[in-house]
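Shown next, in structure tokens, is the structure this report addresses.
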Amino acid sequence: MYLPTAHPWAEGESLGQYLDRRGVSRRDFLAFCAEMSAILGFGSLMTPRVAAALAQQKRPSVIWLQLQECTGCVESVLRTAEPTIGDLVLDVVSLDYQHTIMAAAGDQAEGALQKALKAGPYVLLVTGSIPLKENGIYTTIGGRTAREILEEAGKNAAAVIAIGACAHWGSVQAARPNPTGAVGVSDIIKDKPVVNIAGCPPIGDVVTATIVHFLTFGRVPDLDWDGRPLFAYGARIHDQCPKRANFDAGQFVEEFDDEAARKGWCLYQVGCKGPATFSPCPIFQWNTRTSWPIGAGHPCLGCTERYFWDLMTPFYGRLPNVGGFSVERTADTIGLGLAVGATAGVAAHAIATAVHQARQRRKAEAQAEGGSHGQD
């Protein structure tokens, strides 16, 4: 549970001044900025700019709404690798409302939300879907529906970040037949871009880096067709997977705990959805970068993709017709093809030679007879 720190943020104080007063060394701060630059794909040359922009910040306000969800996304985000999102929201931003980790409850919590909404502008984080059926009765907070709360909070938001599959498109609640009429944040907020941090749950480092990008450049990062940050979701798991070499070699796990599984071969045949999934899981990983699902021997379920609960099932069924090079198997095929081709070539050459020789014999016989009627 979050309690006020012993060193509250002074009025008008910059982030750099605050961190200095808290005893955060310049080296640690630059290490944080360097890691964020790397995650964002900027490289080391951008670290000074990120550091300068963050150091000048006047502690921006953050409102974090939790709507129809299981709190798994919050747990995942708060337990990410160092530098943690917890450090970020408590030291870099003013987390003015987040009902899971704030000390206040009931009227006090609602009062904190209203105060932050009126003070605006702020960064709005949202986890959870928004139920629309039955006038939204499936999720109400303080007597108001999730839709009402989100629409109110979205008006003065400087940036809107939807965290997790529920906020992205509805996730398990929106899977057929979608009894609550669950939708994602972008189905409600349409007058400004919504950044979708996809995943069930999402990777917390992506949230951290997205906020740092906004604080550094005053805008959200470049997004893909589905509103996901390109720095994180611009490549398929299949193309970043350490097991890709096994895929290309045709080395597949056929069933769990077989010899191929013990060797750590590719999980494509047992349902891995990596070829159809865009996510940084192989790079950022989970549990303080200890591992990730495929690294632990379980196939990817495609949880960063919209409607994955319906589109990716059965989860242990193989994706059809995924192209690849399959080096070893193709080498055999190519070798067989070359052998067949060579055999065909030899046969064709032999036939052509025989025909030519037969013609030459007939021509010689005709000439010997003194006639030209046998010539070709």
Side-chain angles (χ1 to χ4, degrees), residues 39 69-81 85 127 163-176 196-207 226 228 232-326 329:
I39 290 175
E69 48 106 28
C70 69
T71 312
C73 292
V74 175
E75 295 294 331
S76 174
V77 168
L78 292 179
R79 284 160 175 73
T80 186
I85 183 68
T127 50
I163 302 173
C166 293
H168 177 193
W169 57 272
S171 195
V172 62
Q173 301 100 314
R176 291 180 301 221
N196 290 316
I197 310 298
C200 186
I203 297 176
D205 289 339
V206 180
V207 181
D226 203 18
R228 300 173 297 189
Y233 302 95
R236 295 182 304 169
I237 284 180
H238 187 59
D239 298 327
Q240 306 173 87
C241 183
K243 298 182 186 293
R244 176 61 189 265
N246 300 112
F247 177 90
D248 289 341
Q251 298 172 332
F252 300 111
V253 174
E254 300 294 339
E255 58 184 61
F256 294 106
D257 203 37
D258 64 9
E259 185 60 27
R262 286 188 283 275
K263 291 179 178 179
W265 285 4
C266 178
L267 298 163
Y268 168 65
Q269 297 283 16
V270 289
C272 184
K273 304 305 187 292
T277 303
F278 289 78
S279 177
C281 294
I283 308 302
F284 295 172
Q285 301 190 6
W286 300 84
N287 298 328
T288 316
R289 300 183 182 171
T290 300
S291 187
W292 62 300
I294 291 177
H298 192 281
C300 168
L301 300 183
C303 74
T304 59
E305 298 304 311
R306 185 179 286 266
Y307 309 126
F308 80 94
W309 279 102
D310 292 320
L311 296 181
M312 299 298 187
T313 52
F315 286 138
Y316 298 107
R318 183 176 66 84
L319 286 172
N321 304 320
V322 174
F325 188 50
S326 290
R329 291 185 179 180

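All figures in this text were calculated on a predicted structure; none of them were measured in a lab.
No side-chain donor-acceptor contact under 3.5 Å links Thr277 to the backbone of Ile237. Between the side chain of Asn196 and the main chain of Asp226, a donor-acceptor pair closer than 3.5 Å is present. For Asp258 (side chain) and Glu255 (main-chain N/O), a donor-acceptor pair under 3.5 Å exists by modelled atom type. Not a single donor-acceptor pair under 3.5 Å links the side chain of Tyr268 to the backbone N or O of Arg318. Checking side-chain atoms of Lys243 against main-chain N and O of Leu267 turns up no donor-acceptor pair under 3.5 Å. Counting only distance, with no hydrogens or angles, the side chain of Lys273 and the backbone of Phe315 share a donor-acceptor pair below 3.5 Å.
At a threshold of 4.0 Å, the pair Arg228-Glu305 counts as salt-bridged, since one of the basic side-chain nitrogens sits closer than that to a carboxylate oxygen. Note on Arg244 versus Asp248: salt bridge recorded, some NZ/NE/NH1/NH2 to OD/OE distance being below 4.0 Å.
Inter-residue side-chain proximity for Ser279 and Trp292 is flagged as unmet; no heavy-atom pair is nearer than 4.5 Å. Between Gln285 and Thr290, every side-chain heavy-atom pair lies at or beyond the 4.5 Å cut-off. Put simply, the side chain of Cys303 does not reach to within 4.5 Å of the side chain of Trp309, judged on heavy atoms. No side-chain heavy atom of Cys241 sits less than 4.5 Å from a side-chain heavy atom of Phe247. Using a 4.5 Å heavy-atom threshold, the side chains of Cys300 and Pro293 count as separate. Looking only at side-chain heavy atoms (C-beta outward), Pro282 and Ile294 stay at 4.5 Å or farther from each other. Side-chain contact between Phe252 and Trp265 is absent, with no heavy-atom pair separated by less than 4.5 Å. Within the 4.5 Å cutoff, no side-chain heavy atoms of Gln251 are placed close to those of Cys266.
The aromatic rings of Phe256 and His298 lie parallel to each other, with less than 30° between the two planes, well short of the 60° mark.
Atom CD of Gln269 and atom CD of Glu254 lie 5.0 Å apart (nearest 0.5 Å). Glu75 contributes atom CD, which lies 9.0 Å from atom SG of Cys70 (distance to the nearest 0.5 angstrom). We find the CD1-OG1 distance between Ile203 and Thr304 to be 9.0 Å, quoted to the nearest 0.5 Å.
No more than 12 heavy-atom neighbours from other residues, nucleotides or ligands sit within 6.0 angstrom of CZ on Arg176.
Closest non-hydrogen pair, Cys73 versus Gly164, comes out as SG-CA, 3.7 Å. Shown here for Pro280 and Ala232, the closest heavy-atom pair between the two residues is CD-O, 3.2 Å. Smallest separation of non-hydrogen atoms from Pro299 and Val270: CG-O, 3.7 Å. Nearest approach of Ile163 to Pro202, heavy atoms of both residues: CG2-CG, 3.5 Å.
In this structure, a donor-acceptor pair under 3.5 Å is absent between the side chains of Ser291 and Trp286.
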**OP:** List the steps, then state whether side chain to side chain contact (heavy atoms under 4.5 Å, CB included) holds for Thr313 with Phe308.
**Re:** CA-CA 8 Å; Thr313 52; Phe308 80 94; over 6 Å; no
